[in-house]
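Just the heavy atoms: all of them, side chains too, but no hydrogens, waters or symmetry mates, feed the values below.
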Amino acid sequence: MAVLTTAPSARAADALLSQGKAATASSTENAGTPASAAVDGNTGTRWSSAAADPQWLQVDLGSSASISRVVLNWETAYAKAYQIQVSADGSNWTGVYSTTTGAGGTETLNVTGTGRYVRMYGTQRATQYGYSLWEFQVYGSTSGGTGCSTDNAAKGRPATASSTENAGTPASAAVDGDNGTRWSSAAADPQWLQIDLGTSQQICQVALNWETAYAKAYQIQVSPDANTWTSIYTTTNGPGGNETLNITGTGRYLRVYGTQRATAYGYSLWEVTVHTTGTSSTGGTDGGTGGNGGTGGNGGGNATLLSYGKPATASSYQDDANCGGCTPAKAFDVNPATRWATNATTGWVDPGWIAVDLGATATISKVVLQWDPAYATAYQIQVSPDGNNWTSIYSTTKGAGFKETLNVTGTGRYVRMYGTARSNGYGYSLWGFDVYGTGGKPTPPPALPPNPGNPLKLIWSDEFNAAAGTAPDASKWTSDPGPGVNGELEYYTTGNKNTYQDGNGNLVLEARKEVTPGSGCPPDPLTGSTTCQYTSGRINTSDHLNITYGRVEARIKVSGTQGLWPAFWMLGSNFKTGTPWPYSGEIDIMEHIGKVPDTVYSTLHAPAYNGGGGYGQPYTLPGQDFANTFHTYAVDWDSTHMTFSVDGNNFFTVDRDNLEKTKGPWVFDHPFYLILNNAVGGDWPGGPDASTVFPQKMLVDYVRVYQ
């Protein structure tokens, strides 16, 4: 098992349409809570209304759009009964969602509707105050045209900057698709970062993933020649963090031009993501040729997945301690945690190939490759009627790895990836090789679990209201006894020794300086002993609750001090039936380490990104200590994304498609169970030292699960 580390992040297929758009309201409480504050992307500002029913807030998207999702981030004064309405003209309204049991907090509503205007129409307040929204977010796609592409037009493009802080923070680090690397500038104003998109592009969205050193005032500018610049976005109140800007402009060059820093440091960006209109493709400017494969092609349309479970062959395959049973069939099993790889002894050569028999002749329109880091820089997609004579329908010499979606045109019973140049000294390896089209003899793949309900409903909870000293409810929780993992120094006990209810509505997981005779732990830095010098508590729901998707939240007061590592997280339930970590997947909703008191972390772990390379982001309250008070930690999770929040503030959204394009497979479409633990020591926080204070209590007010 694991509770592991971090890495910093940015959603595009389902584009955010409302941010920065014109907003109006039926009323405002005062001048400091205008309608515009609910669409400014800043979760520290809000709209609030007069204390009367009904009240409404509406946003003008600028043009007609197809609405797919609305996210309401309520302040304490929320709506118990309300509607989401759409309108073509701002006068005649159609309801697309209605509830009389609004829950407050953050509500994510999957809706269907079309209109230029979107309105929250509140008819019953939950409190004696008015209605108040930190943020009102509308997602969807603009009507007409091709919409905003999900591809990142900036990734891997040439980037320059006015300055760099040092050699480790170059301009290129902001467009490398890695949210763990960054560009940072000298500590002066102004500064800029510039990207050459290669050709003139119509830009529809820019996402900025700021490091702590962000811009308070900046412009987004475009240029045809990198000399004459036009501003397409300006702000003097940038909030930092992840900013998604729906803007319009055309140019070959795009520049982030900072004019006022928010800190004493320079400007620093983990990543700049640029989306453009029209269909972007693998091929074309990146070296693709052949058929329609490099220039757009069919795009899939109503194409069917033809390759699932079909017979597969390859030039070789690996089956050893590093990749056991990595046979060709693993690339076609739609299991994102299994893969095919060429043989480590004979297969780390060129060429290398993998082929699938579709069972009958098919018309191929799309191929999706999900690469392991051992990917092909040069390869072809080929088709054949007999498995012997092959025709190329796509070719590239600049394969980028990760997830490549190829729109192609070809006919054959057999489809092959034929690699001619490897990306590194290893072989070729694919987590997934999916072929779409018509014909063949397709086998329907397993259906995804259903997404959460709308609205969400509470399905499970523990409020910890038992008498003082009572052990956790055995019908909901199971102890995880024994030494910890990840270099931890504690011995987890059973019963109510270290894990008990306090009689005040809290669960306590108490870490103590206490020896467990006969146990074995890593050497304690204070005593040098390999007998476990500390005890603590760890419990899970594996025997009682296993869920796929929903909202999982807990109100927790973490432990503090050097060497403590409290966590609230989830582990794939298949771990219990033999799937090893990280193939099971792990969702860290909250981790805190005592030596960084003002920060908590949310991180995902999977086969392609785990441990120190996990995909995550910190949330910081500068100068504060999370151990001083309770905070609410939550994740909202469905088949397309996860959004992590602290106290209702969404700070990290993982978009499935973006994750697959930049990190590796999404392995989170199966059941997970919940875990609470209060670790001592470990690889990340380090061990206790002379400043460490014991005992340390992690208090949990409640845990709730909604679907």
- Query: Centroid-to-centroid, Tyr619 to Phe651, below 6.0 Å?
  - Reply: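 Ring centres of Phe651 and Tyr619 closer than 6.0 Å.
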- Would Trp666 and Trp637 count as a close aromatic pair, with their ring centres under 6.0 Å?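 Distance test on ring centres: not under 6.0 Å, no.
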Using atom types as modelled and distance alone, determine if a side-chain donor or acceptor of [X] lies under 3.5 Å from a backbone N or O of [Y].
| X | Y | answer |
| --- | --- | --- |
| Asn209 | Asn242 | no |
| Asp647 | Asn649 | no |
| Thr263 | Ala213 | no |
| Ser519 | Thr531 | no |
| Thr579 | Phe575 | no |
| Gln318 | Thr327 | no |
| His592 | Pro597 | yes |
| Asn610 | Pro607 | yes |

- Message: Go through it in stages, so that I can follow the logic: the residues are Arg704 and Glu463, the test is salt bridge (charged side-chain N to carboxylate O under 4.0 Å, His left out), and I'd like the CA-CA distance, side-chain angles, deciding distance and then a yes or no.
- Response: CA-CA 8 Å; Arg704 297 171 184 165; Glu463 305 294 325; 3.1 Å; yes
On the 0 to 90° scale, with breaks at 30° and 60°, tag the [X]-[Y] ring pair as parallel, tilted or perpendicular.
| X | Y | value |
| --- | --- | --- |
| Tyr267 | Trp210 | tilted |
| Trp371 | Tyr428 | tilted |
| Tyr426 | Trp348 | perpendicular |

Sidechain N-carboxylate O distance under 4.0 Å for [X], [Y]:
| X | Y | value |
| --- | --- | --- |
| Glu510 | Lys497 | no |
| Asp502 | Lys697 | no |
| Lys663 | Asp178 | yes |
| Asp669 | Arg656 | yes |

Do [X] and [Y] pair up side chain to side chain, a donor and an acceptor below 3.5 Å, judged on atom types alone?
| X | Y | answer |
| --- | --- | --- |
| His544 | Thr478 | yes |
| Glu490 | Ser536 | no |
| Ser316 | Asn343 | no |
| Asp333 | Thr338 | yes |
| Asn486 | Trp684 | no |
| Thr599 | Thr620 | yes |
| Thr169 | Glu165 | no |
| Ser584 | Asn574 | no |
| Glu591 | Trp565 | yes |
| Tyr534 | Asp524 | yes |
| Gln501 | Thr470 | no |

- Step-by-step side chain to side chain donor-acceptor pair (under 3.5 Å) determination, Asn650 to Thr643: CA-CA 7 Å; Asn650 298 337; Thr643 295; 5.6 Å; no
- Check step by step if side-chain contact (heavy atoms from CB on, under 4.5 Å) holds for Met570 and Ile589. CA-CA 8 Å; Met570 295 190 286; Ile589 303 172; 4.2 Å; yes
Minimum heavy-atom distance [X]-[Y], with the two atoms named:
| X | Y | result |
| --- | --- | --- |
| Leu507 | Pro472 | CD1-CG, 3.9 Å |
| Asn678 | Gln696 | ND2-O, 3.3 Å |
| Gly41 | Pro239 | O-CG, 4.0 Å |
| Ser573 | Asn546 | OG-OD1, 2.5 Å |
| Leu604 | Phe644 | CD2-CZ, 3.9 Å |

- Message: If you apply the rule ring pair (Phe, Tyr, Trp, His ring centres under 6.0 Å), what do you find for Tyr601 with Tyr633, and how did you get there?
- Response: CA-CA 10 Å; Tyr601 304 85; Tyr633 305 97; over 10 Å; no
- Item | Test side chain to side chain donor-acceptor pair (under 3.5 Å) applied to Arg339 and Ser429, step by step | CA-CA 7 Å; Arg339 63 186 173 100; Ser429 183; 2.8 Å; yes
- Go through the steps for Lys403 and Asp657 under the test salt bridge (charged side-chain N to carboxylate O under 4.0 Å, His left out), then give the verdict. CA-CA 9 Å; Lys403 182 180 180 180; Asp657 189 56; 3.1 Å; yes
- Message: Other residues, nucleotides and ligands only: do more than 12 of their heavy atoms fall within 6.0 Å of OH on Tyr265?
- Response: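 Counting other residues, nucleotides and ligands, OH of Tyr265 stays at 12 neighbours or fewer.
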- Task: State whether the number of non-hydrogen atoms from other residues, nucleotides or ligands found under 6.0 Å of Phe672 atom CZ is greater than 12.
- Result: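 Counting other residues, nucleotides and ligands, CZ of Phe672 exceeds 12 neighbours.
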- Query: Between Thr499 and Val508, is a side-chain contact (heavy atoms from CB on, under 4.5 Å) present by the stated rule, with each step listed?
  - Reply: CA-CA 6 Å; Thr499 309; Val508 181; over 6 Å; no
- Check against side chain to side chain donor-acceptor pair (under 3.5 Å), Asp636 and Thr108: CA-CA 8 Å; Asp636 289 279; Thr108 300; 4.9 Å; no
- Of Asn677, Asn540, Thr603, which is the lone residue that meets side chain to side chain donor-acceptor pair (under 3.5 Å) with Trp569?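 Of the listed residues Asn677, Asn540, Thr603, the side chain to side chain donor-acceptor pair (under 3.5 Å) partner of Trp569 is Asn677.
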- Flag this pair as yes if the NZ/CZ of Arg555 is under 6.0 angstrom from the six-membered ring centre of Phe630 and inside a 45 degree cone about the axis; otherwise no.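 Pair Arg555/Phe630 counts as cation-pi.
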- Message: Determine whether Glu553 and Tyr702 satisfy the following criterion, side chain to side chain donor-acceptor pair (under 3.5 Å), listing intermediate values before the conclusion.
- Response: CA-CA 8 Å; Glu553 71 174 35; Tyr702 63 78; 3.2 Å; yes
- Item | Interatomic distance, Asp598 atom CG to Gln624 atom CD [nearest 0.5 angstrom] |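 Between atom CG of Asp598 and atom CD of Gln624 there are 8.5 Å.
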